[in-house]
**Student:** 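My questions will all concern the structure given below.
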Amino acid sequence: MLRARVADLADRALVVGDPGRAARVAERLDDVRQLTANREYHVYAGSYRGVPVTVASHGVGAAGAAVCFEELARGGVTRIIRSGTAGGIQPEVVDGAIVVATGAVRADGVSHQLVPTEFPAIATPELTIALRDAAATTGLSVHSGIVLTGDMFYPSDVITGIDHRMWQRAGVVAVEMEAAALFVIASLHGIESGAVFAIDGNPLAEKDDSMGGYDPYREIVTQAVDGALTAALDVLVA
């Protein structure tokens, strides 16, 4: 579905959910060109600090994102870093912070069709350490730990879904929607993967279980998004 030629893909890729964010990342590249724009999948090629890179958007949710990750891996990409937004779960992980994922709880609907439930979704340790160090240079609050990958964005009044407070007690730091699929697919292909997130809210800390006050379009979130992207690009080409 990416419709990108293998010959046009670099061996290092930055992936984001939003096609608009992919376009903004592309503005940071040298000699950039757009390769494809098909559905949610917008792909760019260019270089960052002299190193060829690919930037691709994958949309929202693990099912569609898995298509992007799989096709990049099949196309010869050997390092994939996801930069996105997430919701904080621990009380100190609040708006404007950055989270580097060490691994992911597989509460998505895709990874279980790839490997058994017992298989862990883990980021490449060296990339995790490098992302944490790079994020620290932004001056923003940085946390690292296990994230929760789920399929539902807004909570449902009919189906209780994921018990975020239980995961908070277990030490999960944030919740998002694609990292588990990335880590599992990367493991299956024997390639490197990492993930860094800008926190755009914390419903538990804000006592807003319905997410009625959710607003990601604030300067504090924009700063964290920019910081996470910079850390991801720096580590991608390191």
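The model shown is predicted, which means the values in this text are computed figures rather than measured ones.
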**Student:** Do F197 and I98 have side chains that approach each other closer than 4.5 Å (heavy atoms only, starting at C-beta)?
**Tutor:**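 A side-chain contact under 4.5 Å is absent here.
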**Student:** I'd like to check T128 versus P125 (side-chain heavy atoms, cut-off strictly below 4.5 Å). Are they in contact?
**Tutor:**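 No, side chains not in contact.
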**Student:** Look at the side chain of R218 and the backbone N and O of D200, then say whether any donor-acceptor pair between them is shorter than 3.5 Å.
**Tutor:**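 Yes, because the side chain of R218 sits within donor-acceptor range (under 3.5 Å) of the backbone of D200.
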**Student:** Distance only, no hydrogens: is a donor on one side chain within 3.5 Å (strictly under) of an acceptor on the other, for S141 and H143?
**Tutor:**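 Yes, because at least one side-chain N or O of S141 sits under 3.5 Å from a partner of the opposite role on H143.
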**Student:** When you measure from the side chain of S57 to the backbone of E40, do you find a donor-acceptor pair of N or O atoms at a distance under 3.5 Å?
**Tutor:**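 At least one qualifying donor-acceptor pair exists.
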**Student:** Any sub-3.5 Å donor-acceptor pair from Q34's side-chain atoms to T36's backbone N or O?
**Tutor:**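 Checking the backbone N and O of T36 against the side chain of Q34, a donor-acceptor pair under 3.5 Å is found.
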**Student:** As a quick check of understanding, evaluate side chain to side chain contact (heavy atoms under 4.5 Å, CB included) for R82 and H58, giving each step before the final call.
**Tutor:** CA-CA 10 Å; R82 163 160 153 69; H58 54 65; 3.4 Å; yes
**Student:** Can you find a pair of side-chain heavy atoms, one from D18 and one from R24, that are under 4.5 Å apart?
**Tutor:**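 The answer is yes, as the side chains (C-beta and beyond) meet within the 4.5 Å cut-off.
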**Student:** Between V99 and I199, is any pair of side-chain heavy atoms under 4.5 Å apart?
**Tutor:**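 Side chain of V99 against side chain of I199, heavy atoms only: contact under 4.5 Å found.
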**Student:** Let me see the working for I89 and L204 under side chain to side chain contact (heavy atoms under 4.5 Å, CB included), right down to the final yes or no.
**Tutor:** CA-CA 7 Å; I89 288 184; L204 297 184; 4.1 Å; yes
**Student:** With heavy-atom distances below 4.5 Å as the criterion, would you say the side chains of L229 and L14 are in contact?
**Tutor:**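 Answer yes - side chains close enough.
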**Student:** Check the side chains of R28 and T230 for a donor-acceptor pair under 3.5 angstrom, ignoring hydrogens and angles.
**Tutor:**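 Result is yes, a qualifying pair exists.
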**Student:** Short question: side chain of R79, backbone of L236 - any donor-acceptor pair under 3.5 Å?
**Tutor:**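 Confirmed, R79 side chain pairs with L236 backbone.
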**Student:** Is any side-chain heavy atom of H164 closer than 4.5 Å to a side-chain heavy atom of V175?
**Tutor:**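 They are in contact (side-chain heavy atoms under 4.5 Å apart), so the answer is yes.
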**Student:** What residues form a side-chain hydrogen bond (donor to acceptor under 3.5 Å, both in side chains) with D234, not counting sequence neighbours?
**Tutor:**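 For D234 the side-chain hydrogen bond (donor to acceptor under 3.5 Å, both in side chains) partners, ignoring immediate neighbours, are Y48, R49.
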**Student:** Is E178 reaching over with its side chain to a backbone N or O of G61, donor-acceptor style, under 3.5 angstrom?
**Tutor:**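 Yes, the answer is positive, given that a donor and an acceptor are paired below the 3.5 Å cut-off.
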**Student:** Report yes if some heavy atom in the side chain of I146 is under 4.5 Å from a heavy atom in the side chain of V105; otherwise report no.
**Tutor:**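 Side-chain contact under 4.5 Å: yes.
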**Student:** Any luck finding a side-chain donor-acceptor pair between E176 and T149 under 3.5 Å?
**Tutor:**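 Looking only at side-chain atoms, T149 and E176 do form a donor-acceptor pair, the distance falling under 3.5 Å.
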**Student:** Apply the hydrophobic cluster definition, ILVMFWY joined by side-chain contacts under 4.5 Å directly or through others, and give me every member besides M1.
**Tutor:**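 M1 shares its hydrophobic cluster with L2, L9, V15, L35, Y41, V43, V67, F69, L72, V77, I80, V110, L114, V115, F119, L182, F183, V184, I185, L188, I191.
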